[in-house]
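Below is one structure; the comments refer to it alone.
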Protein chains: 2
Amino acid sequence: MAVTDPTRIEPDGRDVVLVRWPAEDDRLDELRTRAVPRLVLVASHADPFSPVDDLEDWVRLPTAEADVRARVRTLRRRAADASERIPELADDRLLRYGCWWAALAPAEARLAEPLVARFGAVVSRSDLARAGWPEGLPSRNSLDVQLGRLRRRLEGSGLAIRTVRSRGCVLAAS
Amino acid sequence: MAVTDPTRIEPDGRDVVLVRWPAEDDRLDELRTRAVPRLVLVASHADPFSPVDDLEDWVRLPTAEADVRARVRTLRRRAADASERIPELADDRLLRYGCWWAALAPAEARLAEPLVARFGAVVSRSDLARAGWPEGLPSRNSLDVQLGRLRRRLEGSGLAIRTVRSRGCVLAAS
DNA sequence: ACCGGTGGTTCACGGGCGTGTAACAGGCGG
DNA sequence: CCGCCTGTTACACGCCCGTGAACCACCGGT
């Protein structure tokens, strides 16, 4: 279905704003100053568009509605990236990352604590061991096993534990 | 003038690469790993496109040539912004460059250290050898092999090691 | 133009070992 | 009693890195 009138478009959410150009130039200015992610629908007769930042994209009318949705998705992803989510681990062992969350087992939570605290940096295996087993860790690779379980718990979260050989582990966006 | 055949398009420079999709999917993969800024020309019948990073944009054919030029300009500006980053190597062997990062192997990290410290300048092979093998390097081409491995590790980072014949190597933005 | 030397790149191989994981068993709480 | 959490063992995988060898590009000498 071809789109000529932007008012007929229903985006997936209301975070990304559609704006006509050049008709709604003043509204575009306002959205820019408020740093709202926006998709500019350029009139068929107008000059090519030049976005001012990475939260702005454009498409020339007429266009397929599916194409508009695709660009809205891209803008939404960029806005999410820009907002720089960081993981957070509460006392109740709830690990949150953006809109995702999961309940950790006690041992997993103790392991995750230094990883979250030093998000993006390497945590040594000895630090992990001390955090996970304050009384001294029981056997050789129980740490690795717990790490594996924590990894599995993070599946689908956008977080991942990456290993730095002979240095330790990093918690990072995957 | 409407554009249906991308081979007829002459971009302003040759830094941003035009690629047809889905016809040239494999070439697109290669450009992505090389972190080359690219404009994807989506066939009229194909599904909407979803860029994987900010150095990728797309437009559906047929389109006005002026629109293609506008998107190429945007990509070029983004690439220029991205090229202002400088790499950083922490002692936990994490090499960071903008939002990209990778964990280096021990020998790779020793090699990378002088290259990062003198980013953009030539480092002699003897300096590299001293940095990589403080005890004296083991055999003839172990240095070259490690350099090759380090090169491969940098794929997709936007960094590259270039050789200056009989002078040494340079670490630079690719 | 032919040729050998040098410098540089890449491949395959193999040993060593750090790391991941399946499987099983005990324990604790609901 | 059942389910989840935890520890332990054993094993397999994959990474790291040195080595040898083939290959290519370039340069200088005859």
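Numbers restart at 1 for each chain; the letters A, B, ... are given by sequence-line order, proteins then strands.
Under the 4.0 Å criterion applied to side-chain N and carboxylate O atoms, A:R78 and A:D54 are not assigned as salt-bridge partners. Using a 4.0 Å cut-off between charged side-chain N and carboxylate O, A:R118 and A:D127 make a salt bridge. No salt bridge links B:D144 with B:R151; every basic N to acidic carboxylate O contact stays at or beyond 4.0 Å.
The stretch residues 104-112 of chain B touches DNA chain D through B:A105, B:P106, B:A107, each having a heavy atom within less than 4.0 Å of the strand. A heavy-atom distance below 4.0 Å to DNA chain D is reached by none of the residues of residues 116-123 of chain B. If you check residues 132-147 of chain B against DNA chain C, the residues with a heavy atom closer than 4.0 Å are B:R140, B:N141, B:D144, B:V145, listed by number.
Screening residues 38-51 of chain A for salt bridge (Lys or Arg N to Asp or Glu O under 4.0 Å), with sequence neighbours left out, gives A:R38-A:D53, A:R38-A:E56.
Read 5' to 3', the first and last nucleotides of DNA chain D with an atom closer than 4.0 Å to a heavy atom of chain A are D:dC5 to D:dC16.
Axis orientation changes by 30° from one end of the helix from C:dA1-D:dT30 to C:dA25-D:dT6 to the other, with each end axis drawn from 5 pairs and the value rounded to 10°.
Within the 4.0 angstrom heavy-atom criterion, only backbone atoms of the sugar-phosphate kind lie near B:R125; the bases stay farther away.
Atom CZ of B:R149 is separated from atom P of C:dA12 by 12 Å (rounded to the nearest Å).
For the pair B:R152 and C:dC11, the criterion of a side-chain N or O lying under 4.0 Å from OP1 or OP2 is met.
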